[in-house]
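Heads up: the structure comes next, in structure tokens.
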Amino acid sequence: NVYSLFNFRIVMKFKVFLINFFIFILFYLLIDLIFSNFIFKRSVDHKCYIHVNNGTFYKLRNNCYANMRIISTIDPYKVYTDKKGLRYSGKKRKTKDKNIVFLGDSQTFGVGNSWENTFVGILEEKLENYNMYNLGVPSYSPSVYKYVFKEFLKNNDLDISKVFVLLDLTDVSDESNRWYEVNGVPTLTEKKIIDKDRSFFSRFKKENLKGTYIISSKIRFFFRGLKNKSVVKKENRYKPVDGNPTGSFVYKNHKKLEVCDTDLKEQTSWKCNGIETGLDKISTKISELVKMVKKKNAEFYLIILPWPDTLNFGQKEFNWESFVNKICEDNNCDGTINMFPDFEDLKKKRKDWLEIIYLTDDIHLTKTGNRMLSDKIIKESFKE
């Protein structure tokens, strides 16, 4: 009858759909296997970090790709590392006569930006005669800068023209609380191992289904972004412009920040005399680093820039600019690239200065902020 014939047709269409669906899945998996093993030979991960020395040190993984996101208010951004674990454009390096090395933490690494929008990436585009080597990794500090530069020299026989070190305000707390040295090797005060044993499927997916991993991570970040926008009200978000415990030592009383006097204590970010300890270590490590650079007959520059709250509250208790300038003078470095005047001037001229310079609710630079920094570097250190 007509009803039975109608049901038969529906069942057949459903069977055809299932057959086509399974064929599509098998074909897709085959394509992904070929892509993962013969075309895209990089490893894929969410951060490209690898912990070594029993979790007491970390660096970037070699030949890695990540759709990276550290901070919820910042959109994911692409990260590529080369065969030596350095962040770069992802394109094949062209051999050039002159070499520049950049040292620093997340500001140098370029958190929140794809390579072409970081200040190192912008410089690479503008200075076509130079190879750019970015040794910056989030939460590194001068003790680590010295170590990674030493290791870089061991593994690379290069004539280096210039070395730039971005001294960030976080370097003070990181030197005080995060890093100490064991036989010249920087060691985390708290061990952290993120390379946990993964399930067979997780390892198989990352090694053989890289396309699937990349697509799924993009979808996951998309829905997380929607969730964050709907759940977290803008007025309740943490806003660095209103104050940042780590960088507040420039405008807040040190006794109130440190644990020495519990009656005055406001925050737990600092140990007793932690600020002075961090500052002293920075001076010492930069002095040691300058000597290494000068042995290579290379120019040495320090870079400094303010945070949103620095521009908002000033430097009432400690002048970061004077501190860094003195380090530079004491060690005969070739100059300090100081972005404080440039950002302060923009703040006076533009009401939307915060959005122009900094990423949303964050201390890291936008593409515009990075371009301003790259222009200043060219102006003050490439005068020929």
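Remark: D375 does not engage K379 in a salt bridge, criterion side-chain N to carboxylate O under 4.0 Å.
Between the side chains of N177 and W270, no donor-acceptor pair of N or O atoms lies under 3.5 Å. Checking S287 against N331 by side-chain atom types alone, a donor-acceptor pair falls below 3.5 Å. Between N338 and E321, the side chains place a donor N or O and an acceptor N or O closer than 3.5 Å (distance only, hydrogens not considered). With no hydrogens or angles considered, a side-chain donor-acceptor pair links K84 and N156 at under 3.5 Å. When only modelled atom types and interatomic distance are considered, Y145 and D171 share a side-chain donor-acceptor pair under 3.5 Å. There is no side-chain donor-acceptor pair under 3.5 Å between E181 and S143. Judged by distance alone, the side chains of E116 and S89 never bring a donor and an acceptor atom under 3.5 Å apart. Remark: the D105 side chain and the T170 side chain contain an N/O donor-acceptor pair separated by less than 3.5 Å.
Counting non-hydrogen atoms of other residues, nucleotides and ligands closer than 6.0 Å to CZ of R93 gives a total above 12. Within 6.0 Å of the CD atom in E276, the count of heavy atoms belonging to other residues, nucleotides or ligands does not exceed 12. Heavy atoms from other residues, nucleotides or ligands lying under 6.0 Å from NZ of K150 number 12 at most. Heavy-atom neighbours of K281 NZ from other residues, nucleotides or ligands within 6.0 Å: above the threshold of 12. The local environment of CG in N155 is crowded, with over 12 non-hydrogen atoms from other residues, nucleotides or ligands closer than 6.0 Å. In the displayed structure, K367 atom NZ is contacted under 6.0 Å by at most 12 heavy atoms of other residues, nucleotides or ligands.
The shortest distance between side-chain heavy atoms of Y49 and M68 falls below 4.5 Å. For the pair K162/F382, a side-chain contact is recorded, criterion being any heavy-atom separation below 4.5 Å from C-beta on. Contact of the T360 side chain with the D75 side chain is not registered, since no non-hydrogen atoms from C-beta on lie closer than 4.5 Å. At a threshold of 4.5 Å between non-hydrogen side-chain atoms, the residues E317 and F249 do not count as touching. At a threshold of 4.5 Å between non-hydrogen side-chain atoms, the residues L86 and T81 do not count as touching. With contacts defined as side-chain heavy-atom distances shorter than 4.5 Å, the pair D242/D309 does not qualify. With contacts defined as side-chain heavy-atom distances shorter than 4.5 Å, the pair V293/V165 does not qualify. Side-chain contact between F340 and L311 is absent, with no heavy atoms from C-beta onward closer than 4.5 Å.
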Item to check | Full working for salt bridge (Lys or Arg N to Asp or Glu O under 4.0 Å) between E380 and K376 | outcome: CA-CA 6 Å; E380 298 199 359; K376 187 77 174 277; 3.8 Å; yes
Checklist entry - Which is it for K154 and E151 under the salt bridge (Lys or Arg N to Asp or Glu O under 4.0 Å) test, yes or no, and what are the steps along the way? => result CA-CA 5 Å; K154 282 183 183 178; E151 293 298 303; 3.4 Å; yes
Checklist entry - Do E288 and K291 pass the salt bridge (Lys or Arg N to Asp or Glu O under 4.0 Å) test, and can you show the C-alpha distance, the side-chain angles, and the key distance before you say yes or no? => result CA-CA 5 Å; E288 294 171 357; K291 291 176 182 176; over 6 Å; no
Checklist entry - Which is it for D82 and K92 under the salt bridge (Lys or Arg N to Asp or Glu O under 4.0 Å) test, yes or no, and what are the steps along the way? => result CA-CA 9 Å; D82 62 16; K92 186 177 180 181; over 6 Å; no
Next on the checklist: One pair to check against side-chain hydrogen bond (donor to acceptor under 3.5 Å, both in side chains): N99 and N131. What are the steps and the verdict?
Outcome noted: CA-CA 5 Å; N99 303 288; N131 298 305; 2.8 Å; yes
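When all heavy atoms of F109 and P138 are compared, the closest pair comes out as CG-CD, 3.6 Å. Closest of all the heavy-atom pairs between G110 and T118 is CA-CG2, 3.7 Å. When all heavy atoms of G85 and L60 are compared, the pair lying nearest together is O-CB, 3.3 Å.
When the side chains of ILVMFWY residues are joined at heavy-atom separations under 4.5 Å, either directly or via intervening members, Y58 and V52 end up in a single hydrophobic cluster. Linking ILVMFWY residues whenever their side-chain heavy atoms come closer than 4.5 Å, directly or via other members, places F318 and W307 in the same cluster. Following chains of ILVMFWY side-chain contacts shorter than 4.5 Å, one cannot reach F24 starting from I31, and the two form parts of different hydrophobic clusters. Cluster annotation: V16 is not connected to I19 through the hydrophobic network of ILVMFWY side chains, with a link wherever side-chain heavy atoms come within less than 4.5 Å. When the side chains of ILVMFWY residues are joined at heavy-atom separations under 4.5 Å, either directly or via intervening members, I303 and I122 end up in two distinct hydrophobic clusters.
Under the 3.5 Å distance criterion, the side-chain polar atoms of S322 are left unmatched by any main-chain donor or acceptor of N319.
Checked against a 6.0 Å centroid threshold, the rings of W179 and F57 count as neighbours. Ring centers of Y133 and F102: at least 6.0 Å apart, outside the cut-off.
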